Amino acid sequence: MDGSSLKSAQLLEQMRLHLATDAGKELAKKVGLVYQFNIAPKKIGVDEEIFVVDLKKGEVTKGPYEGKPDATFSFADSDFLSIATGKMNPQIAFIRGAIKIKGSISAAQKFTPDIFPKPAKL
């Protein structure tokens, strides 16, 4: 995820490497959904960088998904990290407006901190 100033990009790079492992392949089989993340440095909708976590193919890419993702999330960089590392509950974040979701709500509910590898140090 070169060329990104976002802290989230480091976590998404770990996710990309994780998906290449056996555990990552199992996860992709189990979830089987495509998530697009629009991550902004400070404020949702401003200077967002777009990443795709494809849990059908088992890959993470930078740039918009070609086609229609199962769910699209928009968040600020710090909120994404809090959710992905389990410090913030995704449902609470949604209620507080820290996440915006488009697409399938049932697909969105499968987006939990469990899908991320446990980070070394960020």
Side-chain angles (χ1 to χ4, degrees):
M1 308 294 134
D2 295 333
S4 176
S5 60
L6 299 174
K7 289 184 178 150
S8 302
Q10 295 172 350
L11 184 69
L12 287 161
E13 177 61 19
Q14 287 181 351
M15 179 80 179
R16 188 182 72 76
L17 298 171
H18 177 65
L19 287 174
T21 68
D22 289 342
K25 289 178 181 130
E26 280 302 308
L27 176 72
K29 270 190 217 150
K30 192 171 96 181
V31 179
L33 297 166
V34 177
Y35 295 113
Q36 180 170 302
F37 299 135
N38 301 342
I39 304 173
K42 300 263 181 249
K43 187 173 175 227
I44 291 176
V46 180
D47 298 328
E48 290 178 328
E49 290 186 33
I50 299 173
F51 299 89
V52 173
V53 175
D54 186 334
L55 294 175
K56 284 183 179 159
K57 291 184 194 165
E59 61 188 22
V60 177
T61 54
K62 190 170 178 188
Y65 184 64
E66 291 180 19
K68 191 169 185 268
D70 293 294
T72 300
F73 296 91
S74 298
F75 358 49
D77 193 26
S78 59
D79 292 331
F80 175 76
L81 282 173
S82 296
I83 292 163
T85 56
K87 292 183 179 133
M88 188 190 304
N89 178 302
Q91 286 83 8
I92 304 280
F94 179 72
I95 291 165
R96 289 186 183 154
I99 303 180
K100 292 194 174 10
I101 302 172
K102 284 187 199 148
S104 163
I105 294 300
S106 65
Q109 288 172 330
K110 291 187 176 134
F111 169 70
T112 65
D114 301 340
I115 71 171
F116 290 94
K118 297 299 159 245
K121 289 233 179 351
L122 285 178

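We're numbering straight along the sequence, starting at 1. Not measured: the values here are computed from a predicted model.
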Could you tell me if the side chain of [Y] sits less than 4.5 Å from the side chain of [X], heavy atoms only?
X      : Y      : value
Leu81  : Ser8   : yes
Gln36  : Ile50  : yes
Gln14  : Leu11  : yes
Leu55  : Leu19  : yes
Gln109 : Ile105 : yes
Thr61  : Asp54  : no
Val52  : Pro64  : no
Phe75  : Ile39  : yes

List the atom of Gly97, the atom of Ile44, and the distance in Å for their closest heavy-atom pair.
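For Gly97 versus Ile44, the nearest heavy atoms are O-CD1, 4.0 Å.
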
Would you name the heavy atoms of His18 and Ala23 that are closest together and state the gap between them?
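Smallest interatomic distance, heavy atoms only, reads CE1-CB, 4.0 Å.
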
Cluster check Val34, Phe73: I/L/V/M/F/W/Y, side chain < 4.5 angstrom
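Unlinked, Val34 and Phe73 end up in two clusters.
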
What distance separates [X] [atom1] from [Y] [atom2], expressed to the nearest 0.5 Å?
X     : Y      : atom1 : atom2 : result
Asn38 : Lys100 : CG    : NZ    : 11.5 Å
Ser4  : Asp77  : OG    : CG    : 7.5 Å
Lys30 : Lys110 : NZ    : NZ    : 10.5 Å
Lys62 : Glu13  : NZ    : CD    : 11.5 Å
Lys43 : Glu48  : NZ    : CD    : 11.0 Å
Ser74 : Asp79  : OG    : CG    : 12.0 Å

Has Tyr65 got more than 12 heavy atoms of other residues, nucleotides or ligands less than 6.0 Å from its OH?
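It does: Tyr65 OH has more than 12 such atoms within range.
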
Just wondering, are more than 12 heavy atoms of other shown residues or ligands nearer than 6.0 Å to CG in Asp47?
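Incorrect, the count does not exceed 12.
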
Would you say the side chains of Asp70 and Ser104 form a donor-acceptor pair under 3.5 Å?
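No, because no side-chain N or O of Asp70 sits under 3.5 Å from a partner of the opposite role on Ser104.
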
May I ask you to check whether Phe111 and Phe37 place their ring centers less than 6.0 Å from one another?
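Yes: the rings meet the under 6.0 Å criterion.
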
